[in-house]
Amino acid sequence: MGTTKSKYVIANAMLVGVGRNAGVIPRGYLVVDGRRIVEVGEGSPPADVGEDVMDLSGRMVIPGLINCHNHVAMSILRGVGTDLNLQRWLKEAIWPIEEHLTKDDVFWGALLSISEMALGGITAIADMYFYMEEVARAAAIVGVRAFLSQGLVGGNRSKWWHTFFATRALWRKWNGAAEGKIKVFLGPHAVYTCPPPWLRKATQLARRLNSPLQIHLSETAEEVEECYSKHGMSPIALYYHNDGKAIKTLAAHCVHLSSEDIELLRKFDEIHVVHCPWSNLYLGSGIAPVTELLEAGVSVCLGTDGPASSSMDMFETMRLAALLQKGKKQRADACTARQAFLMATVNGAAALGLDTGFLAPGLEADLVIVDLDRPSLQPMADPIAALVYEGSAELVRDVMIAGEWVVRDRRLVRLAEHTITLEQIQEQVRERHRRAVWERNT
Ligand SMILES: [Zn+2]
């Protein structure tokens with residue numbers, strides 16, 4: 001059974017992401033006991049460590065990759081509304097279809113994306129959508145950590161109260177479920193869909209439940225302009241002054257920021273900017289000022305955004321995060337490989353409040369085993385640069401979450417316990433996509 005916990009000894013592996021500063025041990029060992037890493041060291045493991053030693057010569061162990069922004073169920077809508085900017089994409093392509101999605105659509109869509117991400121070395125996700133109990137169920141089946149928000153949309157009273165009560169129901173049923181791997185966050189969608197009075201209700205509930213909050217902020221120039229004309233201030237300022245500054249917040253996107261916005265972000269009690277470079281490029285939103293945020297000391301982590309506007313590959317996401325800043329600033333050190341790697345690991349763990357993100361004794365064992373036997377990875381002068389500039393989800397062989405194997409030899413271990421296969425999931429999503437997207441149009 002997938003829930004069985006035991007002791008694992010990994011030997012002869014390259015260890016990358018050792019300690020908070022992404023240290024590298026070219027040949028080392030790592031011992032996992034129960035949910036936690038208990039030893040990390042150079043060379044061979046001590047002789048008395050136990051008999052089940054896994055020889056990982058030619059492989060690398062890294063901490064689990066953390067995807068801090070998603071809408072996983074949107075795999076149902078993959079490829080819908082291509083080449084439209086965000087606002088047209090939402091209004092013309094996405095929202096009209098989403099209105100008709102069923103709970104089962106959300107479940108299967110979520111299961112496909114979460115499966116894809118686990119196979120690609122992603123061990124924790126933050127997600128916002130509707131029918132979130134279905135997303136929780138899918139996450140529990142695959143075995144990943146999931147930080148889930150019912151998207152709260154204000155303006156329309158009945159819709160608001162419906163989503164507000166759905167948040168409370170989700171909290172009661174799922175917060176702390178799946179051996180603590182599932183947590184519930186508050187999720188006001190954005191300042192343009194959740195005006196100030198409603199936003200305050202969300203922050204009040206966040207405070208009452210002692211829950212962090214996730215929100216989209218300053219994703220497009222249009223959003224910022226509209227906020228200035230309606231409220232006389234930027235989305236960051238509006239959120240900050242609307243009770244947001246004292247709430248632990250994951251702010252997705254933050255593409256269009258003034259220097260005053262960056263100063264406000266620096267002054268928040270605890271804010272984590274979730275940089276989503278793939279989606280920001282795909283939807284024509286822009287390039288976030290990541291270099292300026294890092295230089296100001298703002299915590300920046302990475303997200304893909306949903307599969308209808310982004311690849312689910314966190315290696316590509318790290319690569320884009322680094323390359324975009326280099327090109328934008330015309331400075332090769334504007335975002336280094338190490339900074340991109342830390343955003344996907346250490347900073348992601350801080351954003352989600354996880355006791356993971358690097359390899360060290362005492363931390364929860366969220367590990368990814370990467371195949372190094374690839375032409376593109378030879379020779380490897382700098383292992384972190386190799387992962388960021390040449391890595392891909394395809395390299396991932398095995399994934400452990402909280403000391404439990406979730407992926408072994410590129411197969412999802414826990415699906416079998418639920419008598420589900422990856423082929424069935426793909427078939428379900430293809431069929432549901434056909435019904436939701438194509439039959440609706442005929
Ligand atoms: Zn989003």
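Atoms within a ligand are numbered from 1 in the order they appear, just like the ligands themselves. Just so it is clear, the values below take in all heavy atoms, side chains as well, and ignore hydrogens, waters and symmetry mates.
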Next on the checklist: Given 3.5 Å as the limit, does a donor-acceptor pair link the side chain of Thr203 with the main chain of Arg200, or not?
Outcome noted: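 Yes, Thr203 side chain to Arg200 backbone: donor-acceptor pair under 3.5 Å.
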Next on the checklist: I'd like to know if the side chain of Arg59 reaches the main chain of Val370, judged simply by a donor and an acceptor atom lying under 3.5 Å from each other, with no hydrogens or angles considered.
Outcome noted: no
Next on the checklist: Under the rule for ring-ring contact (aromatic ring centres under 6.0 Å, His included), what residues qualify as partners of Tyr192, not counting sequence neighbours?
Outcome noted: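 Result, ring-ring contact (aromatic ring centres under 6.0 Å, His included) vs Tyr192: His189.
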Checklist entry - Using a distance threshold of 2.8 Å, what protein N/O/S atoms lie below it relative to the Zn ion (ligand 1)? => result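 Hits for the Zn ion (ligand 1) below 2.8 Å: His69 NE2, His71 NE2, His216 NE2, Asp305 OD1.
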Checklist entry - Nearest 0.5 Å, what's the CZ-OH distance between Phe315 and Tyr389? => result 14.5 Å
Next on the checklist: Does the Lys NZ or Arg CZ of Lys183 fall within the cation-pi geometry relative to Phe147 - under 6.0 Å from the ring centre and within 45° of the axis?
Outcome noted: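 No, cation not above the ring by the 6.0 Å, 45° rule.
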Next on the checklist: Take a 6.0 Å sphere around CG of Asp333 and say whether it holds more than 12 heavy atoms from other residues, nucleotides or ligands.
Outcome noted: yes
